[in-house]
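Report on the structure given below.
Below, each value reflects all heavy atoms present in this structure, side chains not excepted, and no hydrogens, waters or symmetry copies. Given the structure is predicted, the values throughout are model-derived calculations rather than measurements.
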Amino acid sequence: MSSIAKNTAFMTIASVGQKIISFVYFSLVARHIGAEGTGKYFFAMAFTTVIVVFVDLGLTSVLVREAAKTREKIQAYFSTILSVKIILGIMAYIAAVVIINLMGYPVETKHLVYLSAVTMLFDSLHLTLYGVLRAIGNLRYEAIGTISSQLITLTLGSIFLYFNLPLIFLILAFTIPSFLNVCFVTAVLYVKYKINLTPHFDKHIFIYIGKISIPFALAAIFARIYSYVDSILLSKMAGDIQVGWYSIPYKITYAFQFIPLALMAALYPRFSEYFISNKERLAFVFERSIKYLLIIVLPLAFGIGILSSDIIITFFSKEYLNSIVPLQILLIGLIFSYISFPIGAVLNACNRQSTQTVIIGTVMTINIFLNILLIPKYGVIGAASTALIGNILLASLGYLIVPQIFKVSHIFLLKSFFQLFLSAVIMSAAVWYVNQFYHFAFAIAVGAVVYPIMLFLTRAVTKNQMKEAVLLIKK
């Protein structure tokens, strides 16, 4: 148990640190190069992020699961997957080059994509390398590599910005640390565990892993396209400046995704355990996980929404005023996004992963259709509205399936929502009022005091429930 606790602590700290450093770096980039340059930069990253998902196809997830069961086969599994990913990587890179040329983008954007694709290939490689360490049960080095890479990116990127170097150098600030990360984890695997970076294709292992990876691959592809297709379509249909405006609210809301991810990492094993042994306990933990996430996300969404103008101008400059409304829309979507995490985790833990994959695929299809319909008329607001609708569908469709697995107390969840909603609304009113007369940092401090008080006054949270939450996380 101590090793699990240490690994969880390492990855939680690394995830928080990564998000903070990444946000600081993106803020520097956005302020320095403006909306149009930020749009090109963000598009290149989004485009290659979608393409690179076809390099892994769920193979790393299967590697972690299967290698953890049979440690003696780690090298064989890894070498086979590595040989497959080399072929997939070459094919994906060629596809990226061909597609970006067919789409008719200018030379500068093409060059950004060419280098960004190299970066993503390195990222995909060290994802699998760290997957080996996850199978072994050692996440310390992944945490070190994650933080170190972000710090190197921040350092290099700041230097490149200071000397006003061309835009492609900002992509290079990711490429160099990604390559160094591969070197680092390769050395760790060889020195500590004698696992080498040698591709070797084993037909039997490939067939075995390939069959298992199909649902993982489909889910990963659907999720990745769903997450980034709006930026790609926005670039093609509305231009780089609109992508630049959209990238700001996207980055702000994405920065808070580590919270439900961390909670689900802790609760997912419990979901799986209780599905077999105690469905009443499963329902209890599921309902509380939604409530705890709502406790966090409602003040975040309401508070940032109230202060969105001050936040955008302070961190990104007045050039991004058109990012304010999209940010407010995406913050509403963030509420449903948080709810979808425990719903998706429960479906996967209760052998409904195929259902979850179908839901993601359905929402992805609707998302693409709505983007094509709304972006030409409404631009960045159309893309943000589509993302909101997608998050609502993702949470709603999954929630409809959950009662088929175990009994859910809809009354408890509805009552909790209204109590928390009322607390967040009153907090927002206090934040809005204080912000009229003082700096928004002071308004945030006032909100941080008012919200907990309202939680207890509305009885959304009691002392016993606080103890319950602590015990739940500890377990």
Side-chain angles (χ1 to χ4, degrees), residues 22-47 49 105-106 108-109 112 161 167 170 226-257 300-337 367-368 370-392 428 431-432 435-436 439-441 443-444:
S22 177
F23 182 77
V24 170
Y25 178 61
F26 186 77
S27 301
L28 291 173
V29 169
R31 289 182 67 91
H32 192 88
I33 66 177
E36 185 174 4
T38 301
K40 293 178 182 178
Y41 164 83
F42 192 74
F43 165 77
M45 302 293 283
F47 179 83
T49 299
Y105 277 93
E108 183 183 26
T109 303
L112 293 176
L161 287 171
L167 196 56
L170 298 180
Y226 167 69
S227 298
Y228 290 97
V229 71
D230 46 7
S231 300
I232 296 172
L233 291 174
L234 194 61
S235 170
K236 191 62 183 173
M237 302 171 76
D240 294 324
I241 293 178
Q242 296 264 348
V243 180
W245 291 338
Y246 187 66
S247 67
I248 303 303
Y250 183 95
K251 277 289 186 180
I252 291 174
T253 52
Y254 181 75
F256 295 102
Q257 294 287 354
L300 278 176
F302 285 30
I304 296 175
I306 293 292
L307 301 173
S308 55
S309 178
D310 298 275
I311 291 171
I312 293 292
I313 293 172
T314 301
F315 289 101
F316 300 100
S317 81
K318 291 183 179 180
E319 186 176 357
Y320 294 95
L321 287 174
N322 286 318
S323 299
I324 294 172
V325 174
L327 173 59
Q328 293 168 338
I329 294 172
L330 288 185
L331 285 168
I332 299 172
L334 186 66
I335 298 171
F336 293 94
S337 175
N367 183 275
I368 293 172
L370 288 177
N371 270 307
I372 293 173
L373 187 67
L374 297 178
I375 286 176
K377 189 172 182 179
Y378 301 105
V380 64
I381 293 178
S385 301
T386 297
L388 168 60
I389 294 169
N391 283 329
I392 293 173
S428 300
V431 168
W432 176 83
N435 192 49
Q436 304 303 305
H439 191 273
F440 74 90
I444 293 173

Query raised in the report: Phe302 and Ile335: side-chain contact (heavy atoms from CB on, under 4.5 Å), yes or no, with the steps?
Result: CA-CA 10 Å; Phe302 285 30; Ile335 298 171; 4.1 Å; yes
Query raised in the report: Between Ile248 and Leu327, is a side-chain contact (heavy atoms from CB on, under 4.5 Å) present by the stated rule, with each step listed?
Result: CA-CA 8 Å; Ile248 303 303; Leu327 173 59; over 6 Å; no
Report task. Tell me, yes or no, whether the heavy-atom count around Phe23 atom CZ, taken from other residues, nucleotides or ligands under 6.0 Å, exceeds 12. Result -> yes
With rounding to the nearest 0.5 angstrom, report the [atom1] to [atom2] distance, [X] to [Y].
X: Ile392; Y: Phe336; atom1: CD1; atom2: CZ; answer: 4.5 Å
X: Ser323; Y: Ile381; atom1: OG; atom2: CD1; answer: 10.5 Å
X: Leu234; Y: Ser247; atom1: CG; atom2: OG; answer: 9.5 Å
X: Glu319; Y: Ile33; atom1: CD; atom2: CD1; answer: 9.5 Å
X: Lys236; Y: Ile372; atom1: NZ; atom2: CD1; answer: 13.5 Å
X: Ile368; Y: Leu373; atom1: CD1; atom2: CG; answer: 13.5 Å

Requested in this report: Check whether the side chains of Thr38 and Tyr320 place a donor and an acceptor atom closer than 3.5 Å, and report yes or no.
Outcome: yes
Restricting to non-hydrogen atoms, name the atom on [X] and the atom on [Y] that form the minimum distance, rounded to 0.1 Å.
X: Tyr246; Y: Asp230; result: OH-OD2, 2.5 Å
X: Ala46; Y: Ser231; result: CB-CB, 4.1 Å
X: Leu170; Y: Tyr25; result: O-OH, 3.5 Å
X: Leu330; Y: Tyr250; result: CD1-N, 3.8 Å
X: Gln257; Y: Ser337; result: NE2-OG, 3.4 Å
X: Asn371; Y: Ala383; result: OD1-CA, 3.6 Å

Result block: side-chain N/O donor-acceptor pairs under 3.5 angstrom for residues 306-316, not counting sequence neighbours:
{"unit_1": "Ser308", "atom_1": "OG", "unit_2": "Gly305", "atom_2": "O", "d": "3.0"}
{"unit_1": "Ser308", "atom_1": "OG", "unit_2": "Gln328", "atom_2": "NE2", "d": "3.0"}
{"unit_1": "Asp310", "atom_1": "OD2", "unit_2": "Asn435", "atom_2": "ND2", "d": "3.1"}
{"unit_1": "Thr314", "atom_1": "OG1", "unit_2": "Asp310", "atom_2": "O", "d": "2.7"}

Query - Which residues share a ring-ring contact (aromatic ring centres under 6.0 Å, His included) with Tyr105, sequence neighbours left out - result: Phe43
**Report entry** Stepwise side-chain contact (heavy atoms from CB on, under 4.5 Å) test for Lys251 and Ser22
**Finding:** CA-CA 9 Å; Lys251 277 289 186 180; Ser22 177; 3.9 Å; yes
Query raised in the report: Looking at side-chain heavy atoms only, is the closest gap between Asn391 and Tyr226 below 4.5 Å?
Result: yes
Requested in this report: Compare all side-chain heavy atoms of Ile324 with those of Leu321 and state whether any distance is below 4.5 angstrom.
Outcome: yes
Query raised in the report: With no hydrogens and no angle check, is any side-chain donor or acceptor of Thr253 less than 3.5 Å from a backbone partner on Leu331?
Result: no
**Report entry** Partner residues of Glu36 under the salt bridge (Lys or Arg N to Asp or Glu O under 4.0 Å) criterion, sequence neighbours left out
**Finding:** none
